[in-house]
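We name chains A, B, ... by the order of the sequence lines, and we start the count at 1 in each one.
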Amino acid sequence: MAPPLSTLSPSTMAVPSFLPSKSFFPKFTSITSITSTPSLQCHSSISEQLHPLSLSLLKEPAQGEAVNSKPTWVNPTKSKPNIISLERQQRTKPASNRNQSASLDPTLIKTLISIPNSDKSLFFSTLSNAFPSPPSQDDALSLLKSFFRHPEKSIFLLGWLEESSFQLETIFYNLVLKSLRAARQWDHIDQIVHQMLDHGPQPDNITYSTVITAAHQCRRFDKAIEWFDRMYSAGVTPDEVTFSSVLKVYGFLGKRQEAFILYERGRAAGWKPDHVVFSILGKLFGDAADQDGMLYVRDEMKRLEIVPNVVVYNTLINGFGRAGRINIAKDLFEEMCQLGVNPDARTLTAILRIYGKHKRNQDAMDVWARMKENRWPVDQILYNTILTMCANLETDLEAERIFEDMKQSQKWRPDKWTYSVMIKLYCRSGKSERAWHLLFEEMPQRNLQPDVTSYTSLIDCLGKQGRVNDVVVVFSAAMKTVPSEIDDLLCCCLLSTMAQCKDEKQMNAILGCIEKANPTLHKLICMLRDKLVGFDEIKKYFRELLNRAPVNVRRPYCNCLIEICTDELGFPSHRPHELFHLGNIYGLYPHIETRRSSEWSVDLRRLSLGAAKAALHDWFESVAEAVEDRESLPPQFRVFTGHGLDRFKSVLTRYFEGYLSESGAPLHKCPEKAGSFVADKDDLLQWLQSRGILQAD
DNA sequence: GTAGGGTTAG
């Protein structure tokens, strides 16, 4: 029993609801060493694993039919409808009239291109003069190809050919569509394909794949899927290229399940996919950090005995890196080297980025040495990635050496990305003078326009040093050069500068910057300063601010706001607590409190100082509430503040040592667990009562 | 761009 065509179309595919959202692959593939067994491995295949699933997805048995009955093709007079055509559509060269196919006059093409788009009649008459009799197929195609960057001219030519009763085959329309795709003219494309369906010539696989990729590029994903569906109803079975175009659309939409089901259906029809398909699938799963999906791609290739090429390796290495599976990425990299698949600049960019990000110094240095030894190819992005890697691995001297090399190089000169990495590197270690020199001296000398991240780094660095006036200077420069790029991260750095302000004058200077950068934030700060403004109104503006900010900046925003309210800048004393409460409402501080029968704890690590104080106060209150609610309490309470040798990691602990002893809290440094303070239940409750946080019995 | 499909940086 073959499914009716409509059930083959992807938009009507059922997606089983029991599949987990992160990865829909059953956990069947154990992660095995790739390098040790480059030959085919005997994994149980996913189609075997999903056998019962495929019965419900691939076929839709009639009611009453046993699920395990073997379907038979009962109507031999009709061909079996297929999901995919196993033969790729061949490009056909149209019959050409060799007598008239002399190369076209380049001045004619220039003349035609120079005709204003408003003057269609001049375009037509110029053509008619040049071709008293209809042009050959070859000439018409050459003309169309030379109009690739001039979609209006492509359309004109098509119109003129139609008028000249020229035999227009599908290839002519396909070329026009390509020209329109380059110009991102979606509506025009849609219109032309409809016209083809209505009046001919009929669209073929090349038409549909051009249309699907055009819809993708024009961000009309709904249309991409719609046209894929439509080709089945028009009786055109997609081939591998059209299939991969739509798989890519699914990838962009994050529709992994749909892509997987479509792929499996193609496979079930006997399709043997090529490298391009696997690289699309690899990216699709890699972008979602879906390890099982990527392992599936790898295993499928092994099953089909296809050795990945460099592009497939690149997508998989990137994907496993994104999923945090550094060792698998490393194994893949070593495997490709062993198999003689030469890494290119993108491979090296991928692997070095991963090693840098995850502090794999030794692995990084090893690859770098091999790069020099084997003279592996380099490009600008790879150069900058190596620099970023050095910054991540904190090998600043090496970074400086590479930077100097680049300045001397004729081929790989520093660009704005290079400068951004160096500025960040200097700012991280407090070398604001050097960063300043790069940003305001060297970059203009080299005619490089900094982007916002460089300004943000420098503002952050100067802010931490309390150089408020310099922060204002840098901000003004940013407003002048990149006003449209000023973002929430930069505003966060302005806020943290504000917490460093010594007096009203400094604070007003920063407030002035914030007013220009983000009026909502400015309004919120003014409200926070006004003791008459209530919680609900603060909540409304806070929410508005957070909703507009990207997810990764929301918590820093809240931290910084708590910070400025904590410092003695004239904010009402209850603001930090209110803001911390709001941060909790919006899920910015998850998993801070833990309650076990033996111990309750609060984890203040990774909080700013002010936020940590607010969190601790909040915790004391929640303990008091538990007492009042007669909950059973553990014998011990613990506060984590973290530990470490560097200044950043120990600052919270040192601060709390002072704070806790000043306030007489019975939390004492715990020798067994570094970076934490403990209190006995009775001592803590007594102290909470003495502070009025807990009512006396 | 060879009438259609693939991979890199805060």
Side-chain angles (χ1 to χ4, degrees), chain A residues 88-94 137 140-142 144-149 154 169-179 181-182 201 203-214 216-217 224 231 238-249 251 273-284 286-287 297 308-319 321-322 343-354 356-357 377-389 391-392 415-421 423-425 451-454 456-457 485 487 489 550 552:
Chain A
R88 190 184 295 197
Q89 184 185 320
Q90 296 299 310
R91 294 167 196 229
T92 49
K93 206 170 159 50
Q137 294 253 12
L141 286 175
S142 306
L144 259 182
K145 285 177 191 173
S146 51
F147 294 155
F148 177 68
R149 289 282 166 203
S154 301
E169 292 169 17
T170 305
I171 184 172
F172 290 89
Y173 287 85
N174 291 347
L175 280 166
V176 173
L177 289 172
K178 224 178 101 174
S179 171
R181 180 180 65 182
D204 59 12
N205 253 297
I206 296 176
T207 318
Y208 285 110
S209 56
T210 311
V211 170
I212 290 165
T213 51
H216 186 166
Q217 284 171 24
M231 65 187 292
D239 66 9
E240 179 174 56
V241 178
T242 319
F243 231 62
S244 56
S245 308
V246 83
L247 284 174
K248 200 178 171 195
V249 173
D274 69 357
H275 285 110
V276 177
V277 172
F278 286 118
S279 68
I280 290 172
L281 288 177
K283 183 169 159 55
L284 179 146
D287 285 348
V297 170
N309 65 9
V310 65
V311 180
V312 176
Y313 271 117
N314 292 351
T315 57
L316 290 177
I317 290 170
N318 269 314
R322 193 160 293 138
D344 62 12
R346 288 181 180 212
T347 322
L348 298 165
T349 300
I351 199 75
L352 290 177
R353 193 174 63 87
I354 293 167
K357 200 173 162 191
V378 181
D379 66 12
Q380 184 77 30
I381 294 182
L382 177 54
Y383 240 116
N384 286 337
T385 303
I386 295 168
L387 205 61
T388 310
M389 180 191 83
N392 284 332
D415 59 12
K416 71 175 184 180
W417 194 285
T418 319
Y419 273 95
S420 157
V421 176
I423 289 168
K424 213 165 286 168
L425 178 138
D451 59 23
V452 71
T453 64
S454 297
T456 303
S457 306
E485 289 178 36
D487 58 7
L489 200 59
N552 63 331

Verdict with supporting geometry, A:I386 and A:L352, side chain to side chain contact (heavy atoms under 4.5 Å, CB included): CA-CA 7 Å; A:I386 295 168; A:L352 290 177; 3.8 Å; yes
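When rounded to the nearest whole Å, the span between NE2 of A:H216 and P of B:dG4 equals 18 Å. Here B:dT8 presents its P atom at 13 Å from NZ of A:K357, a figure rounded to the nearest Å. Distance A:I171 CD1 to B:dA3 P: 6 Å, rounded to the nearest Å. Following rounding to the nearest Å, A:M231 (CE) and B:dG4 (P) show an atom-to-atom distance of 16 Å. Computed from coordinates, the A:L352 CG to B:dT7 P distance equals 21 Å when rounded to whole Å. Put simply, CG on A:N309 is 17 Å from P on B:dG5, counting in whole angstrom units. One atom, CG of A:L281, and another, P of B:dG6, lie 13 Å apart when rounded to the nearest Å. A:D415 has its CG atom 14 Å from the C1' atom of B:dT8, to the nearest Å.
In the set B:dA3, B:dG6, B:dT8, the nucleotide with an atom closest to the side chain of A:I206 is B:dA3. In the set B:dG5, B:dG6, B:dT8, the nucleotide with an atom closest to the side chain of A:R346 is B:dT8. Set against B:dG6, B:dA9, B:dT7, the side chain of A:H275 has B:dG6 as its closest nucleotide. Of the candidates B:dT7, B:dA3, B:dG5, the closest approach to any side-chain atom of A:V276 belongs to B:dG5. Side-chain proximity of A:D239 to the nucleotides B:dG4, B:dT8, B:dG1 is greatest for B:dG4. Ranking B:dT2, B:dG4, B:dG5 by closeness to the A:I280 side chain, first place goes to B:dG5. The nucleotide whose nearest atom lies closest to any side-chain atom of A:S279 is, among B:dT8, B:dG6, B:dA3, B:dG6.
A:R149 comes within 4.0 angstrom of nothing in the nucleic acid, heavy atoms only. When heavy atoms are screened at a 4.0 angstrom cut-off, A:V312 is found touching base atoms of the nucleic acid. Contacts of A:S245 with the nucleic acid, taken as non-hydrogen atoms under 4.0 Å apart, involve only primed sugar atoms and P, OP1 or OP2. Residue-level contact check: A:T347 touches neither bases nor backbone, having no heavy atom under 4.0 Å from any strand. Counting non-hydrogen atoms under 4.0 angstrom, A:L175 reaches the backbone sugars and phosphates but no base. No contact: A:V310 has no heavy atom under 4.0 Å from any strand. Residue contacts for A:N384: at a heavy-atom cut-off of 4.0 Å it reaches a base atom on one of the strands shown. Base contact: A:Q90 has a heavy atom under 4.0 Å from a base atom.
Residue A:R353 places none of its side-chain N or O atoms closer than 4.0 Å to OP1 or OP2 of B:dT8. Look at A:K178 and you won't find any side-chain N or O under 4.0 angstrom from OP1 or OP2 of B:dT2. Proximity of A:K283 to the phosphate of B:dG5: no side-chain N or O atom is located under 4.0 Å from OP1 or OP2.
The closest donor-acceptor contact from the side chain of A:S179 to the backbone of A:L175 lies at 3.5 Å or more, if one exists at all. Although no hydrogens or angles enter the test, the distance criterion places no donor-acceptor pair under 3.5 Å between the side chain of A:S244 and the main chain of A:V277.
No hydrogens or angles were tested; on distance alone, nothing pairs the side chain of A:N314 with the base of B:dG6 as donor and acceptor under 3.5 Å. Donor-acceptor pairing under 3.5 Å, judged by distance alone, is absent between the side chain of A:R181 and the base of B:dG4. For B:dG4, the base has a donor-acceptor partner in the side chain of A:S209 [N/O atoms by modelled type, under 3.5 angstrom]. No hydrogens or angles were tested; on distance alone, nothing pairs the side chain of A:T315 with the base of B:dG6 as donor and acceptor under 3.5 Å. Contact annotation: side chain of A:D204 to base of B:dG4, donor-acceptor pair absent below 3.5 Å.
The ring of A:F148 lies on top of the base of B:dG1, close enough and flat enough: under 5.5 Å between centres, under 30° between planes.
Every ring pair (Phe, Tyr, Trp, His ring centres under 6.0 Å) that A:F243 has, sequence neighbours left out, goes to A:W271.
Of the candidates A:D204, A:T242, A:T207, A:D204 is the only one forming a side-chain hydrogen bond (donor to acceptor under 3.5 Å, both in side chains) with A:Q89. Screening A:D379, A:D415, A:T349 for a side-chain hydrogen bond (donor to acceptor under 3.5 Å, both in side chains) with A:N384, the sole residue that qualifies is A:D415.
Nucleotides B:dG1 and B:dG5, compared at atom C1', are 14 Å apart to the nearest Å. With both ends at atom P, the span from B:dG6 to B:dT2 equals 11 Å, rounded to whole Å.
The two residues A:R322 and A:D287 have their closest heavy-atom pair at NH1-OD1, 2.8 Å.
Inspection of the A:T213 and A:R181 side chains reveals an N or O donor paired with an N or O acceptor under 3.5 Å.
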